[in-house]
Protein chains: 2
Amino acid sequence: MYRIGELAQLCEVRTDTLRFYEKHGLLSPSSRTDSGYRIYTEADAERLRFILRAKAVGFTLAEIAELLSIELDKSNWACADVKGLVDDKLANVEAKIAELNHFQLSLQRLSQACCGGPESAEHCSILEALESSTENIRCENHSHTHDDAQFTKTCQDKSAVKNTQEK
Amino acid sequence: MYRIGELAQLCEVRTDTLRFYEKHGLLSPSSRTDSGYRIYTEADAERLRFILRAKAVGFTLAEIAELLSIELDKSNWACADVKGLVDDKLANVEAKIAELNHFQLSLQRLSQACCGGPESAEHCSILEALESSTENIRCENHSHTHDDAQFTKTCQDKSAVKNTQEK
DNA sequence: CTTGACCTTGGATACAACTCCAAGGTTTAT
DNA sequence: ATAAACCTTGGAGTTGTATCCAAGGTCAAG
């Protein structure tokens, strides 16, 4: 039997988070004291751990609510249903990874093209790329032309410019 | 010279988005008609394209605002400043990728452990993993024990259960 | 001169997952 | 008996990126 603060400490969440989960139907205390304090049982704690584990593999709270409803009524669901949720999530995660990989590649190319020195940014390859090239930033049309000339070219005036930079 | 709807169509954004960018200091029309209509010049369109390209490589609008302020005053900034922004973003993106890769791995393991068949979910490996294992879901403590016995085990009752599944 | 397409503004709504706050009640320790 | 630490509720705020709406003004065509 835990009071809200105890359960929170045990599972390393905030009390606010527990109330938030309650409001959203994920976890309600099994009972209340006469004065209205929430009382959580060990089973409640287990349910919370289930939620946290599901969060740890990337499920949103809405998805976790679905998992919990299956969990409470397992015999009326098939493995296929559960696996479906996991596979949908997996596809979802993989799509996000693909997008981020695209960002990563573009950023790497931009970074490599820039000397990164104390020279004036007037001829900075990064800014130039953002000013004009779309194809070379988004690598969506895989043209395979290997024309990364634009990206290996660095800042033109490496010769001292001695600009005072105020940031 | 474009009216808001024309520029929006040209760059494939909503007019609302252009007003939103204006409200947030990213892009203001160069002038207005007597009746108050926004008038965008070709330079404004270029600035919008800069914004959209920066978005395409993963920058947030706040970061883009920073890039734009450099863009407008290039000579007072160094390549190092620009490259710094890109490299910070890159680190940021890579951290997100790492997190998602972790999700992906966990989800793959869960998926592989489950038969995915029409059997009752009463002994579903996925639910069991969420009920009890934390270490096997989060692969944070790289124990390298290769104990994926828990993950290769599939649903126990492949023998017909014939549960009617209502979803 | 009316219809429809366009434009204006300010403000509301949406999503996710909290986090914080104020005003007040309860429990525990001294 | 009183202070500290806990708890309650309802509601507002956060971050990011828009999207939608209502009430009204403008413009071109027929």
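Below, chains carry the letters A, B, ... as their sequence lines are ordered, and counting in each starts from 1.
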Distance check needed: [N] [atom2] versus [X] [atom1], whole Å only.
{"X": "Leu52(B)", "N": "dT17(D)", "atom1": "CG", "atom2": "C1'", "result": "13 Å"}
{"X": "Asn92(A)", "N": "dA16(C)", "atom1": "CG", "atom2": "P", "result": "12 Å"}
{"X": "Phe59(B)", "N": "dT17(D)", "atom1": "CZ", "atom2": "P", "result": "12 Å"}
{"X": "Glu6(A)", "N": "dA5(D)", "atom1": "CD", "atom2": "C1'", "result": "12 Å"}
{"X": "Phe20(A)", "N": "dT19(C)", "atom1": "CZ", "atom2": "C1'", "result": "10 Å"}
{"X": "Gln9(B)", "N": "dC7(C)", "atom1": "CD", "atom2": "C1'", "result": "15 Å"}
{"X": "Glu22(A)", "N": "dG10(D)", "atom1": "CD", "atom2": "C1'", "result": "14 Å"}
{"X": "Met1(A)", "N": "dT27(C)", "atom1": "CE", "atom2": "P", "result": "16 Å"}

For [N], does OP1 or OP2 lie under 4.0 Å from any side-chain N or O of [X]?
{"X": "Thr17(B)", "N": "dT19(D)", "result": "yes"}
{"X": "Tyr21(A)", "N": "dC18(C)", "result": "yes"}
{"X": "Arg32(A)", "N": "dT9(D)", "result": "yes"}
{"X": "Arg19(A)", "N": "dT8(D)", "result": "yes"}
{"X": "Lys55(B)", "N": "dA18(D)", "result": "yes"}
{"X": "Ser35(A)", "N": "dT27(C)", "result": "yes"}

Spatial distance of atom OG (Ser132(A)) from atom CZ (Phe50(B)) [nearest 0.5 Å]: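 So the OG of Ser132(A) and the CZ of Phe50(B) are separated by 10.5 Å.
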
From Glu128(B) atom CD to His123(B) atom NE2, the distance as rounded to the nearest 0.5 Å: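 Rounded to the nearest 0.5 Å, the CD-NE2 separation comes out at 7.5 Å.
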
Side chain of Leu61(B) - closest among dT8(C), dA18(D), dT19(C):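 Looking only at side-chain atoms, Leu61(B) lies closest to dA18(D).
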
Candidate nucleotides dC7(D), dC20(C), dC6(C), ranked by approach to the side chain of Arg3(B) - the nearest: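 Minimum distance to the Arg3(B) side chain belongs to dC6(C).
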
Sugar-phosphate, base or nothing in reach of Lys23(B), heavy atoms under 4.0 Å: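 The answer is nothing, as Lys23(B) stays clear of every strand by at least 4.0 Å.
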
Touch class at under 4.0 angstrom, heavy-atom based, for Arg38(B) against every strand present: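 It contacts sugar-phosphate atoms only.
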
Are [X] and [Y] ion-paired here, with the side-chain N under 4.0 Å from a carboxylate O?
{"X": "Glu42(A)", "Y": "Arg49(A)", "result": "yes"}
{"X": "Glu71(B)", "Y": "Arg53(B)", "result": "no"}
{"X": "Asp16(B)", "Y": "Arg19(B)", "result": "yes"}

Closest-nucleotide ordering on DNA chain D, the 5'-leading residue of Tyr37(A) and Arg14(B):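 Its nucleotide being nearer the 5' end, the pick is Tyr37(A).
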
